[in-house]
**Student:** 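First the structure, which I've put down as C-alpha cells, then a few questions once you've had a look.
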Amino acid sequence: MKCKISKRLKSFRDSIYRISVQHLVAALLILLITVSTLAITGISYTLSEQIISKKNSKYCIDILNEISTNIHTKLKEVDSLTTYICYNETVQSQINKMNHARGDSFLYEKKILEKELINMTVANESLKEMTIMTSSGQSAWISQPYPEFTSASPILDTLYSQQGSLCWITLDKEDTPTIIAGRTINDLGVQKIIGYFLVRFDDKLLTDILEQKEYFKDGSLCIVDGKGTILSSNQPGERGKMYPSFHLLTEATVSKKLDDSQEWLTSCIIPGSEWRLVSTIPNISYEKEIIWLRGCVIIIALAMIIVAIFISIAITRQLFLPLDKLCQMMKSVGKGDFNVSKPAYYQNDIGVLYDYFIDMVKEVRNLIQTTNQQQLLLQKTELNSLRMQINPHFIYNTLESIKWIAYMNDNKEIVIMVKALGDFMRSNISGPEFITIEKELENIHCYLTIQKFRYNDKLDVRIDIPPDLYHAKIPKLLIQPLIENSIVHGLEQKAGDGKIIIKGIREQEDVIIDIIDNGIGFSKLSLENLDLDFISPEDTRKNGGLGMKNVHQRIKMYYGESYGLSVTSEYGIRTCVRIRIPYQEL
C-alpha cells in the first residue's frame with residue numbers, strides 16, 4: 001500500500017516538474033487568489049449573515065415588545081376598571097345588602113347592582129359578560145352567567161389565592177378558550193371577602209392588535225397562556241389549539257431557528273400576565289436580506305476570480321517574457337556567441353539578473369582568453385624546461401670539483417661561494433616540498449652568502465623571526481624569491497647601502513612574514529596596476545618578473561583564497577611584501 005502511494009506521489013511530482021514554470025506560476029497565482037477570495041467571501045458572508053440575523057432577530061423582538069406593551073396597556077385598563085368596580089362604594093354597599101337579603105329583597109338589590117354595573121362599563125367594549133358572586137353564593141350578572149362560576153367552583157380558590165389582585169383565567173367554552181379576568185371583592189372597612197368578580201375579556205381586541213403588524217403576515221403571531229393554549233392569533237383556526245413549540249419557550253425572551261419546520265421562532269412574556277407573545281415566520285421571509293447578500297457575494301466572488309485569472313495570466317506572461325529572452329541569450333552563449341547586451345527597458349530585478357549574466361559572460365570570455373594565454377605560456381615553459389634539464393648529480397659533482405681546486409689553490413672565497421651554492425641547490429632541487437621556517441632561513445643564509453660576494457658591504461640583511469616560529473611549516477622557496485626581488489628590482493637601482501628586514505610574527509592562527517627593503521619601490525601607478533593573480537607573457541620576459549606572482553599563486557594553491565601576498569610601497573623610500581599563511585607545525 002505504501003509503495004503504491006509512494007509511486008503515485010512520485011508520478012504526481014514528475015507531472016508537476018514537466019509543467020513549464022510560467023504555467024505553474026500562473027496556476028499557483030490563480031489558486032492563491034481563488035482560495036483567498038473564497039475564504040474572504042466565506043468569512044464575510046458568515047459574519048454578514050450573523051449580523052443580519054441578529055439585526056432581524058432584534059427587530060422582531062422589538063416589534064413583539066411593542067405589541068406586548070400595547071396588550072399590557074389593555075390589560076392594565078381591565079385591571080384599573082375591575083379595581084374601580086370592586087372597590088366602588090355603591091357596589092360594595094349593594095353586595096353587603098345582597099349577602100343579608102332574601103327573596104324579593106335580594107332580587108331588588110341585585111337589579112340595583114346590575115344597573116350600576118351597566119352604567120360603569122357601558123363605555124368599555126373590552127369587558128363582556130360580568131358576574132358578581134356574593135360570599136353567600138348568590139350572583140348578579142350582565143349578559144349570560146358562567147355555569148362554571150358556582151360556590152363550589154375551583155375558580156374561587158384561584159381568585160382567593162391572589163388576595164385581591166387581578167387574576168387571568170382561561171376557560172374552555174365549546175372548544176374555544178375564553179379569557180376571564182377575576183378578583184376577590186374585599187370589604188373596604190374590615191378587609192373581609194364579601195364577593196367575587198368575573199368578567200370576560202373580549203379577545204377581538206387582542207386579535208386586532210396582532211393583525212395590525214404586516215411584518216408577520218406570512219407567518220403567525222399569537223398569544224399563548226401558561227399551559228401552551230393559543231388564546232389569540234392573527235391566523236384563523238389556531239385559537240384554542242396547543243402551541244406546537246411551547247416546550248422551547250423556556251426563557252423570558254426567545255429567538256431561534258426551528259430546524260424541523262424551517263421557521264424562525266421569537267417570543268417574549270407579556271408584562272402583568274403569564275401569557276407569551278409568540279411569532280413564527282418562514283425563513284424565506286426572515287432571510288430575504290441574507291439571500292440577497294448571498295447572491296451579491298457569489299456574483300462579486302465570481303467576478304473577482306475571473307478578473308484574477310486574466311490578471312494572473314497577464315502578469316506571468318509579462319514576467320516570463322524577459323526570462324524567455326534571457327534563456328535564448330544563454331543558448332546563444334552556449335553556442336559560442338558572447339555578444340550579448342541587456343535591453344534598456346529592464347530596470348527591475350530582471351535587469352539585475354541580466355547584469356549578472358552579462359558580467360558572467362564577460363568573466364567567462366576573459367577566463368577563456370586567460371586560459372588560452374596560460375596554456376601557451378605553459379607550453380613555452382615546458383619547452384624551456386626540457387632544454388634546461390641537467391642531471392643534478394652532475395652539477396653537484398662539478399661544484400665539488402671546483403671547491404677542491406679552489407681549496408688546493410688556497411682560494412677561500414671561491415670555496416665559501418661554491419659550498420654555499422651547492423648547499424642551496426641541494427636543498428631546493430631535491431627533498432620534500434614543505435620545510436620548516438628554520439630550514440628556509442638556512443637556505444636564505446646560503447643565498448645571501450653568495451650575494452654578499454657580489455655586493456660586498458652594500459647589502460645589509462636583518463632577520464627578526466622569533467624561535468617559536470622555527471618549526472612552522474612553509475612551502476620551499478617561499479621567502480628567497482622575494483628577497484631576490486628586493487635586491488634585483490629594489491636595491492640595485494638605488495644608490496647607497498641596501499637594507500632588507502625579514503620579520504615574522506604569529507597572528508592568531510596565521511603566520512605573517514614581512515620582507516621590507518629600502519629600495520626604489522613602486523610608483524603609485526605601478527602599484528595600482530600590480531595584479532598578483534594574473535601572469536602575462538610580458539612577466540616571463542622580465543628577469544625575475546615571475547617571483548612575487550609565482551609565490552602568491554603557490555600560496556593560494558596550497559591554502560586557498562584567504563592567503564597570499566600583499567604589497568605596500570612608498571616610491572623611493574621603502575617596499576613591504578607581506579606573506580600570510582596558516583600556522584602549521586612540521
**Student:** Rounded to the nearest 0.5 Å, what's the gap from CG on Leu210 to CD1 on Ile71? Could you check?
**Tutor:** 5.5 Å
**Student:** Counting N and O atoms only, with roles assigned by atom type, does the side chain of Thr82 sit under 3.5 Å from a partner on the main chain of Val78, one being a donor and the other an acceptor?
**Tutor:** yes
**Student:** Given 3.5 Å as the limit, does a donor-acceptor pair link the side chain of Asn234 with the main chain of Leu221, or not?
**Tutor:** yes
**Student:** Once you round to the nearest 0.5 Å, how far does OG of Ser136 lie from NE2 of His100?
**Tutor:** 9.0 Å
**Student:** About how many Å separate CD1 of Ile85 and CD1 of Ile132, when rounded to the nearest 0.5 Å?
**Tutor:** 7.0 Å
**Student:** Among residues at least two apart in sequence or on other chains, which ones pass salt bridge (Lys or Arg N to Asp or Glu O under 4.0 Å) with Arg580?
**Tutor:** Glu507, Asp510
**Student:** Is it the case that more than 12 heavy atoms not belonging to Tyr59 sit under 6.0 Å from its OH atom?
**Tutor:** no
**Student:** Report, one line per pair, each donor and acceptor closer than 3.5 Å where one atom sits in a side chain of residues 156-170; sequence neighbours left out.
**Tutor:**
residue: Thr158; atom: OG1; partner: Pro154; partner atom: O; Å: 3.3
residue: Ser161; atom: OG; partner: Thr158; partner atom: O; Å: 2.6
residue: Ser165; atom: OG; partner: Gln162; partner atom: O; Å: 3.4

**Student:** Indicate the atoms forming the closest heavy-atom contact of Ile67 with Ile209, along with that distance.
**Tutor:** CG2-CG2, 3.8 Å
**Student:** Is the number of heavy atoms from other residues, nucleotides or ligands under 6.0 Å of Glu238 CD greater than 12?
**Tutor:** yes
**Student:** How many angstroms lie between atom CH2 of Trp264 and atom SG of Cys60, to the nearest 0.5 angstrom?
**Tutor:** 9.5 Å
**Student:** Kindly indicate whether the side chain of Asp79, heavy atoms from C-beta on, has any atom under 4.5 Å from the side chain of Glu77.
**Tutor:** no
**Student:** Looking only at atom types and distance, does a side-chain atom of Gln94 sit under 3.5 Å from a main-chain N or O of Lys110, one as donor and one as acceptor?
**Tutor:** no
**Student:** Looking at Glu89, is its backbone amide N or carbonyl O close enough to the side chain of Ser93 to form a donor-acceptor pair, meaning the two atoms are under 3.5 Å apart?
**Tutor:** no
**Student:** To the nearest 0.5 Å, what is the distance between CD on Glu109 and OG on Ser105?
**Tutor:** 5.5 Å
**Student:** Could you grab the distance from atom CD1 of Ile223 to atom OG1 of Thr207, nearest 0.5 Å is fine?
**Tutor:** 7.5 Å
**Student:** Compare all side-chain heavy atoms of Trp275 with those of Val224 and state whether any distance is below 4.5 angstrom.
**Tutor:** no
**Student:** Can we say Arg276 and Asp225 salt-bridge, meaning some charged N sits less than 4.0 Å from an Asp/Glu carboxylate O?
**Tutor:** no
**Student:** Return yes when atom OH of Tyr84 has more than 12 non-hydrogen atoms of other residues, nucleotides or ligands closer than 6.0 Å, and no otherwise.
**Tutor:** no
**Student:** By salt bridge (Lys or Arg N to Asp or Glu O under 4.0 Å), which residues pair with Lys76, not counting sequence neighbours?
**Tutor:** none
**Student:** Return the minimal non-hydrogen interatomic distance between Phe197 and Cys86, and the atom names on each side.
**Tutor:** CB-SG, 3.7 Å
**Student:** Strictly by modelled atom types, are Thr280 and Ser220 linked by a side-chain donor-acceptor pair under 3.5 Å?
**Tutor:** yes
